[in-house]
*Asks:* 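Structure incoming, see below.
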Amino acid sequence: MEQEKAQWTQYIASVLADLAQQRGIDPALLEQIPVVVQKPPKPELGDLAVPLFPFARVFRCPPQQIAEETARLLADKGGSVRSEGGYVNITIELGDSASKLFEQIFDRQERYGHTDALKGVRAMVEFSCPNTNKPLHLGHLRNDSLGFSVARILEANGAEVRRVNLINDRGIHICKSMLAYKTFGKGKTPESEGVKSDHFVGNYYVKFAQWAKTEPDAEKEAQRMLQDWERGDESTVALWKLMNRWTVEGIEETYRKTRIAFDDVYYESQTYSRGRDEVLKGLESNAFYRDEEGTVWVDLEHIGLDKKVLLRKDGTSLYLTQDIGTAILRHEQWPFDMMVYVVGNEQQYHFTVLFHVLSMLGYSWADRMYHLSYGMVNLPEGKMKSREGTVVDADDLIAELERMARQEIIDKGREDQVGNLDTTAEEIALGALNYYLLQTTAAKDMVFDPKKSIEFNGNTGPYLQYMGARLSSMIKKHSERFGETSGPVDMSLLTLQDERELIKITARFPGAVRQAGEDKNPSVIATYLYEMTRTFSRFYHDTPVLRAESPELMAARITLCKGVLQVLKNGCDLLGMPFLKSM
RNA sequence: GCGUCCGUAGCUCAGUUGGAUAGAGCGCCGGACUUCGAAUCCGUAGGUCGCAGGUUCGAAUCCUGCCGGGCGUACCA
């Protein structure tokens, strides 16, 4: 399809050049205006559209007239060329390019749509980054979805990708759940209470908050515990290890559920001292300075920012210090060409500072770091607030989505046809969740409505999965009844509008993958897939495939369906949506 | 206050390298299953693209100002 576009661009440019010559117009003027080929707003108008408005000035006549003359001069180039308004609209013969396109789809299969835009690029993607004092919530799920999907999309564009997690396992907030457990835990364990281990720890974090309301010394005691921890006090460290293990194990269970994984996991407790070393080096090179109290600062006023503390006067590290160390460590271990931090937009300032500080330390790769910032997830009832206990727990939410999916399967009486009911419900829930979280542009705050997400109508994950299932089922029936298609298929038989639309849209998939990669934006893929699936639904509803008028037409249509299925599978894969043959 | 992001139909969202009467879904109302899975499909109604200027043949899209909202502006993360 790209070839046709290039071809027609050239035709039009040369026709315009001829026209200019006839009228004695300076060709140099013409060359300054590019010929733009775009998609007409409605399929009836054609396959390609070229606006001629910009040429009106050069030709000193109305764009409509230029369009008419251009269309007339292109009449012998094949296809159907019409002028409408100031546009030249072209309907092309799709047969040949469709044959090539589908040949390529079946040849490349799960690699169809992949590009080499980022070939040779090493990209590290950091996402998730939980604290070890509580389980994951809905906000983490958006983060995980985004991180996973962006990583897949970068891979699909040819990059070598390394997924990394950074676990925030130190600091005062960790000590709070530890202190509450030490005070109220009485040797209880997740096993003894029958509670998932990260929730078990999280409950003590909540307990601390309640306790601190009536016990003024609670905060002070937590501070003391942090000092004990930093000193390496044996029993404190032992408790810390035990409780961190509980949380991390619980969170890992959630990761298994949502099917995300990392190539490397960093722990803040292991990287923060490296940050301190790097800051001290920067002090030597005068990138930073120390005040009379001994606090180390960076002055960013020359770029319109504030002064920031990098090391406290007692020598302890801050979040920023730690991130400096982690970045340098990572680049040493795996020299990346691109670093993507998937972190909420409340930390925009932090990353602006981090990148500048790294650059002040002389790391040239600092300008290849990117903060993929995303907005908050709200509920239909309003904002999630931890103080008011309206935070949606990740495990609870997933369980609820699974329950709704399972109920729907039972209501439709499809228990016997789906194979494993639990697995199917789980995969529908995951498809619903990831699609819903990824269809909205990352930068925007969004409203997550669990009920809407799991609906099988409309712009949802289950809708896409359902179309995949029907498509699979039809293709299976086809091969059972007619065997595998072999020999040449005449794609030029596909002349219905829906068929032509499907051909063009499958051809657009690599472009969508490329754009999603450039923008680091999975919603490009979500929007694309929904448009394709909707077009397919209409086709499927209106057009018989297995009962087509002729064997040749059936072969062409089933080929079309197989191509659409492949694109749907590949697209779902980029969004972390399980593909289902039956549901 | 300053910084930053956002503001498109009743609701949830696309569309922003400027291009044709601004698109979907949900919801409302009305249709379509003797046929490949109706968990589907089709149709009707619904919009001063926050407001005001500017640039342009042409602006939801670019520029300026204003209004409204989120987030930040910690020796928290």
Side-chain angles (χ1 to χ4, degrees), chain A residues 36 38 40-42 45 49-57 62-63 84-87 89 129 131 168 170-174 268 293 295-297 304-306 308-314 316-323 343-350 352 373-376 378 380 383 405 408-409 411-412 414 417 428 436 439-441 443-449 451-460 462-463 465-467 469-478 481 523-524 526-528 530-531 534 537-548 554 557-558 561 582-583:
Chain A
V36 178
Q38 49 195 213
K42 286 190 175 164
L45 290 169
V50 183
L52 293 170
F53 304 93
F55 298 97
R57 185 179 304 183
E84 260 134 332
Y87 293 86
N89 290 329
C129 304
N131 293 336
N168 299 308
R170 60 174 283 277
I172 188 73
H173 50 295
I174 309 300
E268 208 183 295
E293 289 191 328
T295 306
V296 179
W297 296 81
L305 303 176
D306 297 329
K308 296 288 290 184
V309 170
L310 296 175
L311 276 180
R312 297 191 185 96
K313 61 185 173 201
D314 63 2
T316 55
S317 300
L318 288 86
Y319 174 52
L320 181 59
T321 324
Q322 175 279 128
D323 249 1
V343 182
N345 62 13
E346 70 275 11
Q347 292 193 35
Q348 256 157 180
Y349 188 71
H350 168 79
T352 309
S373 163
Y374 62 89
M376 294 184 50
N378 300 314
K383 304 180 75 160
E408 188 70 22
I409 295 167
D411 289 350
K412 298 288 173 211
R414 291 197 51 87
Q417 290 143 88
I428 292 171
Y436 202 96
Q439 57 163 269
T440 301
T441 311
K444 293 188 178 184
D445 287 354
M446 66 176 290
V447 175
F448 185 87
D449 186 339
K451 279 201 203 81
K452 285 250 169 66
S453 79
I454 198 89
E455 268 174 24
F456 297 74
N457 290 341
N459 189 0
T460 68
Y463 172 79
Q465 289 175 316
Y466 175 55
M467 283 306 146
R470 289 165 91 190
L471 199 38
S472 302
S473 160
M474 183 180 65
I475 290 167
K476 188 172 158 223
K477 275 209 173 96
H478 174 267
R481 287 187 206 166
S523 81
V524 171
T527 303
Y528 167 86
Y530 180 61
E531 198 185 328
R534 207 158 40 91
S537 280
R538 197 171 44 230
F539 161 79
Y540 178 89
H541 185 269
D542 297 343
T543 314
V545 177
L546 304 185
R547 291 162 200 273
M554 178 172 74
R557 284 183 180 156
I558 203 77
C561 289
S582 175
M583 62 188 277

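The structure presented is a predicted model; accordingly, all values stated were derived computationally and were not measured. Side chains are part of it too, since the values below use all heavy atoms of this structure and drop only hydrogens, waters and symmetry mates. Reminder, nothing fancy here: chain letters follow the sequence lines and each chain counts from 1.
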*Asks:* When you measure from the side-chain N and O atoms of A:Lys452 to the phosphate of B:G27, is any distance below 4.0 Å, counting only OP1 and OP2?
*Replies:*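 No, A:Lys452 has no side-chain N/O under 4.0 Å of OP1/OP2 on B:G27.
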
*Asks:* Could you check whether the side chain of A:Asn89 and the base of B:A20 have a donor-acceptor pair of N or O atoms closer than 3.5 Å, going by distance alone?
*Replies:*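 Between B:A20 and A:Asn89, which were checked side chain against base, a qualifying N/O pair under 3.5 Å is present.
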
*Asks:* Between A:Asn345 and A:Ala49, which has a closest nucleotide on RNA chain B that is more 5'?
*Replies:*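 Of the two residues, A:Ala49 wins.
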
*Asks:* Between A:Lys308 and B:U73, is there a contact of a side-chain N or O with OP1 or OP2 at under 4.0 Å?
*Replies:*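 So the side chain of A:Lys308 is outside the cut-off, no N or O lying under 4.0 Å from OP1 or OP2 of B:U73.
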
*Asks:* Does A:Thr295 have a side-chain nitrogen or oxygen under 4.0 Å from the phosphate oxygens OP1 or OP2 of B:C75?
*Replies:*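 No, outside the criterion.
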
*Asks:* Can you tell me how far C1' of B:G58 sits from CD of A:Gln38, to the nearest Å?
*Replies:*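 These atoms are roughly 12 Å apart.
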
*Asks:* Using whole Å, report how far CZ of A:Arg414 lies from P of B:G37.
*Replies:*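 After rounding, the gap between these two atoms is 9 Å.
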
*Asks:* Within the 4.0 Å heavy-atom criterion, would you say A:Tyr436 contacts the bases, only the backbone, or no part of the nucleic acid?
*Replies:*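 Since only primed, P, OP1 and OP2 atoms lie under 4.0 Å of A:Tyr436, the category is sugar-phosphate.
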
*Asks:* I want to check something: taking the side chain as every heavy atom from C-beta on, are A:Cys561 and A:Val545 in contact at a cut-off of under 4.5 Å?
*Replies:*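 A:Cys561 reaches A:Val545 side chain to side chain.
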
*Asks:* Have a look at A:Ser472 and say if it touches a base, only the backbone sugar-phosphate, or nothing, with a 4.0 Å heavy-atom cut-off.
*Replies:*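 The answer is nothing, as A:Ser472 stays clear of every strand by at least 4.0 Å.
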
*Asks:* With the side chain counted from C-beta on, respond yes when A:Tyr463 and A:Arg534 share a heavy-atom pair under 4.5 Å apart, and no when they do not.
*Replies:*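 Yes - at least one pair of side-chain heavy atoms lies under 4.5 Å apart.
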
*Asks:* Take the protein atom CZ of A:Phe456 and the nucleotide atom P of B:G37, then report the distance between them rounded to whole Å.
*Replies:*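 Taking CZ of A:Phe456 and P of B:G37, I get 18 Å after rounding.
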
*Asks:* Using a heavy-atom cut-off of under 4.0 Å over every strand shown, decide if A:Met583 touches base, sugar-phosphate, or nothing.
*Replies:*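 Touches a base.
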
*Asks:* NA contact type, A:Asp306, heavy-atom cut-off 4.0 Å: base, sugar-phosphate, or nothing?
*Replies:*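 Touches sugar-phosphate only.
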
*Asks:* Taking only N and O in the side chain of A:Tyr349, is any of them less than 4.0 Å away from OP1 or OP2 of B:G72?
*Replies:*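 No, because none of the side-chain N or O atoms of A:Tyr349 sits under 4.0 Å from OP1 or OP2 of B:G72.
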
*Asks:* With heavy atoms under 4.0 Å as the rule, sort A:Pro40 into base, sugar-phosphate or nothing.
*Replies:*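 Since a base atom lies under 4.0 Å of A:Pro40, the category is base.
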
*Asks:* Test A:His173 against A:Asn168 for side-chain hydrogen bond (donor to acceptor under 3.5 Å, both in side chains), laying out the working first.
*Replies:* CA-CA 10 Å; A:His173 50 295; A:Asn168 299 308; over 6 Å; no

*Asks:* Parallel, tilted or perpendicular: which one describes the rings of A:Phe448 and A:Tyr436, with boundaries at 30° and 60°?
*Replies:*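 Perpendicular.
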
*Asks:* Compare all side-chain heavy atoms of A:Thr527 with those of A:Asn459 and state whether any distance is below 4.5 angstrom.
*Replies:*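 A:Thr527 vs A:Asn459: side chains apart.
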
*Asks:* Please write out the pairs of protein N or O atoms and N or O atoms of nucleotides 67-69 of chain B separated by less than 3.5 Å, giving the distance to one decimal.
*Replies:*
none

*Asks:* So, OP1 or OP2 of B:A24: does either fall under 4.0 Å of a side-chain N or O from A:Arg534?
*Replies:*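 No, A:Arg534 has no side-chain N/O under 4.0 Å of OP1/OP2 on B:A24.
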
*Asks:* Respond yes when some side-chain nitrogen or oxygen of A:Thr441 is under 4.0 Å from OP1 or OP2 of B:A14, and no when none is.
*Replies:*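 Checking B:A14 against A:Thr441, a side-chain N or O does come within under 4.0 Å of OP1 or OP2.
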
*Asks:* Answer yes or no: does a side-chain N or O of A:Ser473 lie under 4.0 Å from OP1 or OP2 of B:G37?
*Replies:*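 It does, given that an N or O in the side chain of A:Ser473 lies less than 4.0 Å from OP1 or OP2 of B:G37.
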
*Asks:* Can you check the A:Tyr528 OH to B:G25 P distance for me, whole Å?
*Replies:*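 Interatomic distance, OH of A:Tyr528 to P of B:G25: 19 Å.
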
*Asks:* Grab the CD1-P distance between A:Ile428 and B:A39 for me, whole Å please.
*Replies:*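 After rounding, the gap between these two atoms is 13 Å.
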
*Asks:* Report yes if some heavy atom in the side chain of A:Thr460 is under 4.5 Å from a heavy atom in the side chain of A:Ile454; otherwise report no.
*Replies:*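 No, every pair of side-chain atoms sits at 4.5 Å or beyond.
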
*Asks:* Set out, in order, the CA-CA distance, both residues' side-chain angles and the distance that settles side-chain contact (heavy atoms from CB on, under 4.5 Å) for A:Gln439 and A:Tyr530, then state yes or no.
*Replies:* CA-CA 10 Å; A:Gln439 57 163 269; A:Tyr530 180 61; over 6 Å; no

*Asks:* Go through B:C42, B:G70, B:A77 for me and flag the one nearest to the A:Lys383 side chain.
*Replies:*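 So the side chain of A:Lys383 is nearest to B:G70.
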
*Asks:* When you measure from the side chain of A:Asp306 to the backbone N and O of A:Lys308, does any donor-acceptor pair fall under 3.5 Å?
*Replies:*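 Here the side-chain-to-backbone pair does not exist.
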
*Asks:* Got A:Ser317 and A:Leu311 here, is their nearest side-chain heavy-atom distance under 4.5 Å?
*Replies:*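 A side-chain contact exists here, since the closest heavy-atom pair is under 4.5 Å.
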
*Asks:* Between C1' on B:A38 and CG on A:Leu471, what's the gap in Å once rounded to a whole number?
*Replies:*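 Distance, rounded to whole Å: 17 Å.
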
*Asks:* Can you tell me which nucleotide in B:C57, B:C13, B:C26 comes closest to the side chain of A:Glu455?
*Replies:*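 The nucleotide sitting nearest to the side chain is B:C26.
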
*Asks:* Give the dot-bracket line for RNA chain B from 5' end to 3' end: parentheses for intra-strand Watson-Crick or G-U pairs under 3.5 Å, square brackets for crossings, | for inter-strand pairing, dots for unpaired.
*Replies:* (((((((..((((.....[...))))..((((.......))))......(((((..]....))))))))))))....

*Asks:* With a 4.0 Å cut-off on heavy atoms, is A:Ala56 in touch with a base, just the backbone sugar-phosphate, or nothing at all?
*Replies:*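 The residue A:Ala56 makes no contact with any strand.
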
*Asks:* Taking the P atom in each of B:A22 and B:G27, what is the distance between them to the nearest angstrom?
*Replies:*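 Pairwise P distance, B:A22 against B:G27, rounds to 26 Å.
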
*Asks:* What is the distance from atom NE2 of A:His478 to atom NZ of A:Lys476, rounded to the nearest 0.5 Å?
*Replies:*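 Between atom NE2 of A:His478 and atom NZ of A:Lys476 there are 14.5 Å.
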
*Asks:* For A:Tyr540 and A:Leu471, what are the C-alpha separation, side-chain angles and deciding distance, and is it a side-chain contact (heavy atoms from CB on, under 4.5 Å)?
*Replies:* CA-CA 9 Å; A:Tyr540 178 89; A:Leu471 199 38; 5.7 Å; no

*Asks:* Provide the distance between the two C1' atoms, one in B:G69 and one in B:G50, to the nearest whole Å.
*Replies:*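 After rounding to an integer number of Å, I get 11 Å for this pair.
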
*Asks:* For a quick test of reading the model: is some side-chain N or O of A:Lys444 closer than 4.0 Å to OP1 or OP2 of B:G7?
*Replies:*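 For A:Lys444, the contact criterion (side-chain N or O under 4.0 Å from OP1 or OP2 of B:G7) is met.
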
*Asks:* Which part of the nucleic acid, if any, lies within reach of A:Glu268 when heavy atoms closer than 4.0 Å are counted: base, sugar-phosphate only, or nothing?
*Replies:*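 Answer is sugar-phosphate: A:Glu268 comes under 4.0 Å of backbone atoms only.
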
*Asks:* State which of B:C57, B:U21, B:A77 makes the closest approach to the side chain of A:Asn168.
*Replies:*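 The closest nucleotide is B:A77.
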
*Asks:* Counting the atoms with a prime plus P, OP1 and OP2 as sugar-phosphate, which does A:Arg538 contact under 4.0 Å by heavy atoms, base, sugar-phosphate, or nothing?
*Replies:*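 The residue A:Arg538 makes sugar-phosphate contact but no base contact.
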
*Asks:* Select from A:Val447 and A:Ser317 the residue whose nearest nucleotide in RNA chain B is closer to the 5' end of that strand.
*Replies:*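 Nearest-nucleotide comparison on RNA chain B picks A:Val447.
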
*Asks:* Applying side-chain contact (heavy atoms from CB on, under 4.5 Å) to A:Val296 and A:Thr321, what does each step give before you reach the verdict?
*Replies:* CA-CA 11 Å; A:Val296 179; A:Thr321 324; over 6 Å; no

*Asks:* Under 4.0 Å, heavy atoms only, any strand: does A:Ala469 hit a base, just the sugar-phosphate, or nothing?
*Replies:*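 A:Ala469: base contact, heavy atoms under 4.0 Å.
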
*Asks:* Just call it for A:Val545: base, sugar-phosphate, or nothing, with non-hydrogen atoms closer than 4.0 Å on any strand.
*Replies:*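 Here A:Val545 touches the bases of the nucleic acid.
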
*Asks:* Counting only side-chain heavy atoms from C-beta out, which of B:A77, B:G25, B:C57 sits nearest to A:Arg57?
*Replies:*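 Of B:A77, B:G25, B:C57, B:C57 is nearest to the side chain of A:Arg57.
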
*Asks:* Looking at the side chain of A:Gln347, which of B:G37, B:A77, B:C57 is the nearest nucleotide?
*Replies:*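 Selected nucleotide (nearest to the side chain): B:A77.
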
*Asks:* What is the distance from CG of A:Asn378 to C1' of B:C71, rounded to the nearest Å?
*Replies:*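 These atoms are roughly 12 Å apart.
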
*Asks:* Name the closest nucleotide to the A:Thr440 side chain, picking from B:C36, B:C41, B:C13.
*Replies:*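 Nearest to the side chain of A:Thr440 among the choices is B:C13.
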
*Asks:* For A:Glu293, which contact category applies under a 4.0 Å heavy-atom criterion: base, sugar-phosphate, or nothing?
*Replies:*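 Base contact.
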
*Asks:* Given atom CZ of A:Phe448 and atom P of B:C26, what is their separation to the nearest angstrom?
*Replies:*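 The distance from CZ of A:Phe448 to P of B:C26 comes to 17 Å, rounded to the nearest Å.
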
*Asks:* Just N and O in the side chain of A:Arg481: are any of them under 4.0 Å from OP1 or OP2 of B:C36?
*Replies:*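 Answer is no, no contact under 4.0 Å.
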
*Asks:* Under the rule syn = chi within 90° of 0, otherwise anti, which is B:C33?
*Replies:*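 Syn, angle within 90° of zero.
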
*Asks:* Check this for me, if you would: do A:Lys412 and A:Glu408 make a salt bridge, where the nitrogen-to-carboxylate-oxygen distance has to be below 4.0 angstrom?
*Replies:*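 Salt bridge present between A:Lys412 and A:Glu408.
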
*Asks:* Do the side-chain N or O atoms of A:Tyr540 get closer than 4.0 angstrom to the phosphate oxygens (OP1, OP2) of B:U35?
*Replies:*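 No, outside the criterion.
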
*Asks:* Taking A:Ser373's backbone N and O only, do any of them form a donor-acceptor pair with A:Asn345's side chain (distance below 3.5 Å, no angle check)?
*Replies:*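 Checked: no pair found.
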
*Asks:* Answer with base, sugar-phosphate or nothing: what part of the nucleic acid does A:Pro462 contact at a heavy-atom distance below 4.0 Å?
*Replies:*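 The answer is nothing, as A:Pro462 stays clear of every strand by at least 4.0 Å.
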
